[in-house]
Amino acid sequence: MPVKRNPCPSKVILHYIATYGVGILLANGVRSALWDDGEMQFDAHHPWLYPPDMTAAAQVQREMAQRVIHEDAFSGPVEAIGGVDVSNNLRDPENLVYAAIITLQYPHLKLMQTGTHQIKARLPYVPGFLAFREVPALVHAYAQLNPKPDLMLVDGQGISHPRGLGIASHIGVLLDCPTIGVAKSILVGKPEGEPGPLPGDYVPLVWKGNTIGSVLRTKLKTNPVYVSIGHRVSLTTAIEWVMKTCTRYRLPEPTRFAHQAANQFRQGTAIASSMQQSLDI
DNA sequence: GCGACAG
DNA sequence: ATCTTGTCGC
């Protein structure tokens, strides 16, 4: 049986616009300023969060990719490591995004704080444009965190992306936070061979003649993960932090915790809303 | 033109 | 991404 795949992204968007109207792409934005934390101020309708159309979205990615810093640029010691993930509702996979960003205390890897936010997604999942679906909710979750993480591991690609701006880099540039992309599968590129069997073994992920990430074995006898630069971190350092935060699972603790937090958040709010409904009736 | 395609 | 128990293999 042939596997159903996403059609051409532009066709997805055209269908989406035809179904919901162009306005929905811009409407219902975040109404309030997210926060004013010294120098950080975000416009709820900023094109980095909500571009008007797909052409603009692709252009935003190309522009933001120019701002990605590929070298280590830490402000100090890493004491709080962030984990970033979102959860979707199967019944409503196109409309609800439940975001969670957690912070773990390093090196103990104990949970410090959990930031969550639920929001209506205005876009379906389109390969290459994941960030525009998930980032708005994540920015709200990030705003709740205190202290802010020194470094964040993001569930998805960093610069290993068709336009060099996967969700990890997107969040990193947007929030000016060091980020690392940790993906469970490949978006673009091809592994240069197969990584060795031992945790820490890796081979380059190559695309168009460039190394855009690493295929990293984090655990014995499990599939590798795909690590890439997010922002303000070198690939070597990115691999180091992924290994430092891996314990007994394939995925590093920050993204594991974030995944759990997002899931619990989604299921919790689902229960709460169903209870509210039963009270309304 | 056809296939590939993070979450 | 999500729905899900047991089960096969190291």
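To find a chain, count down the sequence lines: A is the first, B the second, and so on, and within it residues start at 1.
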Within this structure, what is the [atom1]-to-[atom2] distance between [X] and [N], rounded to whole angstrom?
X	N	atom1	atom2	answer
A/I212	B/dA6	CD1	C1'	11 Å
A/Q260	C/dA1	CD	P	13 Å
A/R163	B/dC5	CZ	C1'	11 Å
A/I167	B/dA6	CD1	P	13 Å
A/L123	B/dG7	CG	P	18 Å

Notebook entry, point to check: Among all residues two or more places apart in sequence or in another chain, which pass the side chain to side chain contact (heavy atoms under 4.5 Å, CB included) test with A/K184?
Noted result: A/D155, A/R250, A/L251
Notebook entry, point to check: Which residue pairs satisfy the salt bridge (Lys or Arg N to Asp or Glu O under 4.0 Å) criterion with at least one member in residues 221-231 of chain A, sequence neighbours excluded?
Noted result: none
Taking side-chain hydrogen bond (donor to acceptor under 3.5 Å, both in side chains) as the definition, give me every residue that meets it alongside [X], ordered by chain and number, with sequence neighbours left out.
X	answer
A/D72	A/S234, A/T237
A/E134	none
A/R67	none
A/N88	A/R133

Notebook entry, point to check: If you look at every heavy atom in A/A58 and A/F129, which pair is closest and at what distance?
Noted result: N-CE2, 3.9 Å
Notebook entry, point to check: Is there a donor-acceptor contact under 3.5 Å from the side chain of A/N89 to the main chain of A/R91?
Noted result: yes
Check: So which pairs with a foot in residues 193-230 of chain A pass ring pair (Phe, Tyr, Trp, His ring centres under 6.0 Å), sequence neighbours left out?
Finding: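 Applying ring pair (Phe, Tyr, Trp, His ring centres under 6.0 Å) to every pair that reaches into residues 193-230 of chain A, excluding sequence neighbours, yields nothing.
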Check: In Å and rounded to the nearest 0.5 Å, what is the CD1 to CD1 distance from A/I81 to A/I102?
Finding: 9.0 Å
Note to self: A/M152 and side chain to side chain contact (heavy atoms under 4.5 Å, CB included): which single residue from A/I180, A/T255, A/L175 fits?
What the structure shows: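 The passing option is A/L175.
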Item checked: Ring centres under 6.0 angstrom apart (A/H117, A/F265) ->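 A/H117 vs A/F265: aromatic centres not under 6.0 Å.
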Margin query: Give me the stems containing DNA chain C, sorted by first residue, counting only three or more consecutive Watson-Crick or G-U pairs with both distances under 3.5 Å; say none if there aren't any.
Written below: none
Notebook entry, point to check: What is the per-nucleotide protein-contact pattern of nucleotides 2-10 of chain C, from the 5' end, where B denotes a base atom under 4.0 Å from a protein heavy atom, S denotes such proximity for sugar-phosphate atoms only, and - denotes neither?
Noted result: BS------S
Next item on the list: May I ask you to evaluate whether A/Y125 reaches the phosphate of B/dA6, defined as a side-chain N or O under 4.0 Å from OP1 or OP2?
Entry: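 Checking A/Y125 against B/dA6: at least one side-chain N or O falls below 4.0 Å of OP1 or OP2.
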Check: Using Watson-Crick and G-U wobble pairs with both distances under 3.5 Å, what is the 5'-to-3' dot-bracket string of DNA chain B, with [ ] for crossing pairs and | for pairs outside the strand?
Finding: .......
For residues 159-169 of chain A, which side-chain N or O atoms pair as donor and acceptor with protein atoms under 3.5 Å away, sequence neighbours left out?
residue	atom	partner	partner atom	Å
A/S160	OG	A/Q157	OE1	2.8
A/S160	OG	A/S228	OG	3.1
A/H161	ND1	A/R163	N	2.9
A/H161	ND1	A/G164	N	3.4
A/H161	ND1	A/L165	N	3.2
A/H161	NE2	A/G128	O	2.8
A/R163	NE	A/Q61	OE1	2.5
A/R163	NH2	A/Q61	OE1	2.9
A/R163	NH2	A/G128	O	3.4
A/S169	OG	A/I159	N	3.4
A/S169	OG	A/I229	O	3.4
A/S169	OG	A/G230	O	2.8

Notebook entry, point to check: Heavy atom of residues 178-208 of chain A under 4.0 Å from DNA chain B: which residues?
Noted result: A/A183, A/K184, A/S185, A/I186, A/L187
